[in-house]
2 protein chains.
Amino acid sequence: MKNSTPQPEDLSARIARAIRDAIVEGRLIVDERLPSEAELSEQFEVSRPTVREALKRLAAQSLIRTQRGASGGAFVNRLSFEDAHAQQITTSTLLLSMNDVRFDVACEARFALERACAPLSAQRRSADHLATMRAEIHRQGQPGLTDEAFCTSDVTFHRALVDGAGNPVLSYQLAGAVEAMQPLMNMITFTTRSREKVIALHQVIADAIAEQDGTAACAALTALEEETQALARKALAARAETQQQATG
Amino acid sequence: MKNSTPQPEDLSARIARAIRDAIVEGRLIVDERLPSEAELSEQFEVSRPTVREALKRLAAQSLIRTQRGASGGAFVNRLSFEDAHAQQITTSTLLLSMNDVRFDVACEARFALERACAPLSAQRRSADHLATMRAEIHRQGQPGLTDEAFCTSDVTFHRALVDGAGNPVLSYQLAGAVEAMQPLMNMITFTTRSREKVIALHQVIADAIAEQDGTAACAALTALEEETQALARKALAARAETQQQATG
DNA sequence: AGTTTTTCATTTGTCAGACATTTAAAAGTC
DNA sequence: GACTTTTAAATGTCTGACAAATGAAAAACT
């Protein structure tokens, strides 16, 4: 009986939904101005604060932007790849951290997706992308680099690989998978030896991309995945042992 | 000089950001209750409506949920895969439609990502996933099926393929790529002949997945990509011709 | 006439206070 | 002890107001 009315939606939620539907269905187009808050409150027969709450909901999703002053108002926002990118990353990050997603699951997803990009990137990467990859490899070899900085560089390297495919949709979709891994990677303590292995594989990948050899890049990515998984297992085991010492 | 203060963020945006950061950085954990709106307005030294606007922003991103009554309030929400899934789809759909992303770009991304799933799906798919795929193939062969229904079935088929990989992170990341294509696919008019080709390739994919042959599934996906791209080119050309007739 | 300055109306941003509604816990009753 | 009633706390909503930004029209000036 409880679920007959799951959750009578708030007025502001209903209004937000109505406007969102109008945008998604194309009844409101990009840069079109919405009625003023006063007009909206008349149309929906609610108070202005309620309308405002609805508009803030939409603003939070980058669906509208607001401007003050005469001829200001709320405008349908062109959702940019940049905005979508950022949203994707925070959503993915939270998703992984809040649901206790196992490292190996996230890692598998990440490398599977990257392998999807490798062949395209091998074909199309610009000199810039390649230069970024090589620069990051160099950075990763610097002594005295913290683990966190190493991970950040790792992400930059892989993003260059993905962006090399020259497909913005692909870059957008991959953003979450690549960047959201960083907090998980930070669990790992990278020894000098393990860094050397990772860097060597990065080198193989960069070389393969340079020679437009997608197959080789995929193979190196697979090797890197196995190496990463092994490192994570080791970190996890070490952590378990520490905990056992603490409790026992 | 204009960019020195790019856009003085609203109070409600600032407060939302502060709380969001607290959640992302783990200072607020799942199911933890936030201070009441009255307390928040004191802490941030703003009025309750402003606090409420901030909370609505967070609610729009499924970061919090609110409950009325005594011992009610705003609680940090566990971002579920389901919620994230839904958000991803609407974001991806809007992104594609608002930025005039070319069909071939979106299509390329979609199939590249699906090929990343195919080997995993071939290894792990359950009987259920396979049954869904076969059922959709059968549905696609039914006469009198509208183009829209055909596309819907196509999406269901491909989602089963992706879900077969048994990696929820992968399923989540792929959701946008697969589902957001549907509006684009609906441009295409499927002739009986073209449907037959698509169905035949679906059959090849399903068989490959059944026999745990990831390589064959990938090959069939590539063939399906080429077929889809060809159909889209045809639809585009036909549209261009119609327009020329209208204007000329 | 042309240009600059001022005024003004519009619109969002913010605030204060009030009431309605929901809900769980406390108090009261049998 | 089990049930009912009361109560307090919290969100949901409304009204009315003022502040601040901004573009356009009006006015003033050259």
Side-chain angles (χ1 to χ4, degrees), chain A residues 1-20 22-23 28 31-77, chain B residues 1-20 22-23 28 31-77:
Chain A
M1 274 298 165
K2 197 183 170 189
N3 284 343
S4 56
T5 51
Q7 38 176 359
E9 230 176 10
D10 282 347
L11 277 180
S12 66
R14 272 214 293 266
I15 293 168
R17 174 179 302 281
I19 298 176
R20 178 163 37 239
I23 294 175
L28 289 170
D31 291 333
E32 187 172 340
R33 181 175 174 278
L34 274 63
S36 72
E37 295 176 355
E39 287 173 300
L40 285 173
S41 28
E42 275 188 27
Q43 282 182 27
F44 288 105
E45 298 182 309
V46 296
S47 68
R48 195 158 83 94
T50 302
V51 166
R52 282 183 60 80
E53 287 180 8
L55 293 180
K56 294 314 166 199
R57 293 181 116 108
L58 299 176
Q61 297 175 297
S62 305
L63 290 182
I64 63 169
R65 63 179 184 279
T66 54
Q67 212 172 1
R68 315 216 315 194
S71 79
F75 297 84
V76 178
N77 200 25
Chain B
M1 276 299 161
K2 196 184 169 188
N3 282 344
S4 57
T5 50
Q7 38 174 359
E9 227 176 11
D10 282 347
L11 277 180
S12 66
R14 272 213 295 264
I15 294 168
R17 173 180 302 279
I19 298 176
R20 178 166 35 242
I23 295 175
L28 289 170
D31 291 335
E32 187 172 340
R33 182 176 172 274
L34 274 64
S36 71
E37 295 177 356
E39 289 173 299
L40 286 173
S41 29
E42 277 188 26
Q43 283 183 27
F44 289 103
E45 298 182 308
V46 297
S47 68
R48 197 158 81 92
T50 302
V51 166
R52 283 182 60 79
E53 286 179 9
L55 294 179
K56 294 313 168 199
R57 292 181 118 107
L58 299 175
Q61 296 176 296
S62 305
L63 290 182
I64 62 170
R65 61 178 185 280
T66 53
Q67 213 172 359
R68 311 207 338 184
S71 81
F75 297 83
V76 178
N77 200 26

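In what follows, every chain begins at residue 1, and chains take the letters A, B, ... in the order their sequences are listed.
- Rounding to the nearest 0.5 Å gives a distance of 5.0 Å between CD1 of B/Ile64 and CG of B/Leu58.
- Applying the 6.0 Å contact sphere to CD of A/Glu42 captures no more than 12 heavy atoms from other residues, nucleotides or ligands.
- In this entry the distance linking CD of A/Glu9 with C1' of D/dT11 reads 16 Å, nearest Å.
- In A/Arg33, the CZ atom is crowded: over 12 heavy atoms of neighbouring residues, nucleotides or ligands sit closer than 6.0 Å.
- Judged as a side-chain contact (heavy atoms from CB on, under 4.5 Å), and not counting sequence neighbours, A/Arg68 has no contacts.
- Extent of DNA chain C lying under 4.0 Å from chain B heavy atoms, first and last nucleotide in 5' to 3' order, is C/dG13 to C/dA24.
- Note: CD (A/Glu37) to P (D/dG16) measures 17 Å, nearest angstrom.
- Proximity of residues 63-71 of chain B to DNA chain C (heavy atom under 4.0 angstrom from any strand atom) is restricted to B/Arg68, B/Gly69, B/Ala70, B/Ser71.
- Residues passing the side-chain contact (heavy atoms from CB on, under 4.5 Å) test with B/Ala18 are B/Phe44, sequence neighbours excluded.
- Counting only residues at least two apart or in different chains, salt bridge (charged side-chain N to carboxylate O under 4.0 Å, His left out) contacts with residues 47-62 of chain B comprise A/Asp10-B/Lys56, A/Arg52-B/Glu53, A/Glu53-B/Arg52, B/Glu37-B/Arg48, B/Glu37-B/Arg52.
- For the segment residues 42-55 of chain B, the set of residues with a heavy atom within less than 4.0 Å of an atom of DNA chain C comprises B/Glu45, B/Val46, B/Ser47, B/Arg48, B/Thr50, in numerical order.
- Each end of the helix from C/dA1-D/dT30 to C/dC30-D/dG1 gets its own rotation axis from five pairs of C1' atoms, and the angle between them is 20° to the nearest 10 degrees.
- For A/Ser47, the side chain to side chain donor-acceptor pair (under 3.5 Å) criterion is met by A/Thr50, not counting sequence neighbours.
- Taking both residues in full, the closest heavy atoms of A/Ala60 and B/Ala60 are given as CB-CB, 4.1 Å, listed atom of the first, atom of the second, then distance.
- Note: CG (B/Leu40) to P (D/dG12) measures 13 Å, nearest angstrom.
- Contacts of B/Gln61 classified as side chain to side chain donor-acceptor pair (under 3.5 Å), with partners at least two apart in sequence or in another chain: B/Arg20.
- Here CG of A/Leu55 is found 8.5 Å from CD1 of A/Ile15. Values are rounded to the nearest 0.5 Å.
- In terms of the side chain to side chain donor-acceptor pair (under 3.5 Å) criterion, B/Thr66 has no residue partners (sequence neighbours excluded).
- In this structure, the side-chain contact (heavy atoms from CB on, under 4.5 Å) partners of B/Gln43, at least two apart in sequence or on a different chain, are B/Pro35, B/Leu40.
- For the side chain to side chain donor-acceptor pair (under 3.5 Å) test, residues two or more places apart in sequence or in another chain that qualify with A/Glu39 are A/Ser36.
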